[in-house]
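In what follows, a single structure is set out as structure tokens and then discussed.
Note that the numbering runs from 1 along the sequence shown for the chain.
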Amino acid sequence: MLSRLRPVVVTAIAAVRHPLEVADPFADVLAATRRHRRAHRCGAFAYGDGTLPATVAAATCARRIVEVGTALGYTALSMAGAVPDARVESVEMDDAHVRLARDQIAAHGLADRIDVLHGRAEHVLTTCPERAYDLAFFDGFTPTFEVVRQLHALLRPGGTLLVGNLILGPDRAVTDDLADPARWQSHALGETALCVKRP
């Protein structure tokens, strides 16, 4: 019996290790971000795999997207590339990263659909229209309660919030908010939470 199950077990293990090879049209930006971070020892961390935010954008047909944490523009490009008429507003506080992201976005021909907004998220998000966004993506450092609350206000009812970096230990108020069934329909994806705003 065990010998008959062995091929199934081996196949299952292989699927977990390499379940699917997915093409990443912005892999060059991910590589550039990693090189930049090593060279400058800075906080330019790209989300591990831009195909997740891109797939969420495509699945939700997100036409208006707000992002916190641009770095060099990897996930902004991934999301804009996934939805042909999407507009992305991405918030980045580091001057050098704003410039580099704008260069990457222009090089990929998406400067007309991605705006990099310079400043701290807590301040910049107050200038964005409430209930106007289909998708919000947090990929700054540790998410704060204030930013999560602001992103909730910016999403339309039924809008989707993707929050990365939960492994960095946000305040309990953040995780309590994201798990609040009165506010969100939520699912944990490792260090990331996928939350849909309740009406």
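- Between Ile105 atom CD1 and Thr70 atom OG1 the span is 7.0 Å, to the nearest 0.5 Å.
- Here the side chain of Tyr133 pairs no donor or acceptor atom with the backbone of Gly159 at under 3.5 angstrom.
- Linking Ile, Leu, Val, Met, Phe, Trp and Tyr whenever their side-chain heavy atoms come within less than 4.5 Å puts Val124 and Leu154 in one cluster.
- Across Ala82 and Ala54, no two heavy atoms sit closer than the pair CB-O, 3.3 Å.
- Of the residues listed (Leu194, Val66, Val56, Leu178), the one engaging Leu161 in a side chain to side chain contact (heavy atoms under 4.5 Å, CB included) is Leu178, and it is the only one.
- Of all non-hydrogen atoms in Gly158 and Val196, the two that sit nearest each other are O-CG1, 3.6 Å.
- Taking a cutoff of 4.0 Å between a charged side-chain nitrogen and a carboxylate oxygen, Asp85 and Arg63 qualify as a salt bridge.
- Without hydrogens or angle criteria, Arg102 side chain to Val116 main chain gives a donor-acceptor distance under 3.5 Å.
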* To do: Carefully, step by step, assess Thr55 and Val22 under the rule side-chain contact (heavy atoms from CB on, under 4.5 Å).
  => CA-CA 11 Å; Thr55 300; Val22 178; over 6 Å; no
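- Surrounding CZ of Arg198 are more than 12 heavy atoms belonging to other residues, nucleotides or ligands, all under 6.0 Å away.
- Formation of a donor-acceptor pair under 3.5 Å by the Glu92 side chain with backbone atoms of Ala71 is found in this model.
- Between the side chain of Arg87 and the backbone N or O of Asp112 there is at least one donor-acceptor pair closer than 3.5 Å.
- Side-chain contact between Asp28 and His108 is present, with heavy atoms from C-beta onward closer than 4.5 Å.
- Counting only heavy atoms from C-beta outward, the side chains of Tyr47 and Thr192 approach each other to under 4.5 Å.
- For the pair Glu89/Arg64, a side-chain contact is recorded, criterion being any heavy-atom separation below 4.5 Å from C-beta on.
- In this structure, Lys197 and His152 have side chains that are in contact, with non-hydrogen atoms separated by less than 4.5 Å.
- With contacts defined as side-chain heavy-atom distances shorter than 4.5 Å, the pair Phe26/Thr33 does not qualify.
- Pro170 is listed as a side-chain neighbour of Pro143, based on a closest heavy-atom distance under 4.5 Å.
- Note: Leu52 CG to Phe137 CZ = 7.5 Å, rounded to the nearest 0.5 Å.
- A donor-acceptor contact shorter than 3.5 Å links the side chain of Arg113 to the backbone of Ala86.
- Contact between Ala46 and Tyr74 at its shortest, heavy atoms only, is CB-CD2, 3.8 Å.
- In plain terms, the two heavy atoms of Cys42 and Arg37 that are nearest each other are O-CG, 3.3 Å.
- Hydrophobic clustering, with ILVMFWY side chains joined whenever heavy atoms are under 4.5 angstrom apart, keeps Leu135 apart from Val147.
- Contact record, Val68 with Ala121: CG1-CB, 3.7 Å, taken as the closest heavy-atom pair.
- The two atoms that bring Pro53 and Thr75 nearest to each other are CG-CG2, 4.1 Å, heavy atoms only.
- The line from CG of Asp115 to OG of Ser90 is 9.5 Å long, rounded to the nearest 0.5 Å.
- Both Trp184 and Leu151 belong to a common hydrophobic cluster when Ile, Leu, Val, Met, Phe, Trp and Tyr are linked at side-chain heavy-atom distances under 4.5 angstrom.
- Put simply, Val91 and Met93 are part of two different groups of oily side chains (I, L, V, M, F, W, Y) that touch within less than 4.5 Å, one to the next.
- In this structure the side chain of Asp134 never reaches within 4.5 angstrom of the side chain of Ile65, judged on heavy atoms.
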* Is there a side-chain contact (heavy atoms from CB on, under 4.5 Å) between Gln104 and Leu100 once you walk through the steps? -> CA-CA 6 Å; Gln104 289 285 354; Leu100 292 168; 5.6 Å; no
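- Side-chain contact check for Asp171 versus Phe145: every heavy-atom pair is 4.5 Å or farther apart.
- Taking CG of Leu72 as the start and NE2 of His97 as the end, the distance is 6.5 Å to the nearest 0.5 Å.
- To the nearest 0.5 Å, the span separating CG on Leu110 from CE on Met79 amounts to 12.0 Å.
- When the side chains of ILVMFWY residues are joined at heavy-atom separations under 4.5 Å, either directly or via intervening members, Ile114 and Val98 end up in a single hydrophobic cluster.
- Residue Phe141 holds its CZ atom at 8.5 Å from CG of Asn165, rounded to the nearest 0.5 Å.
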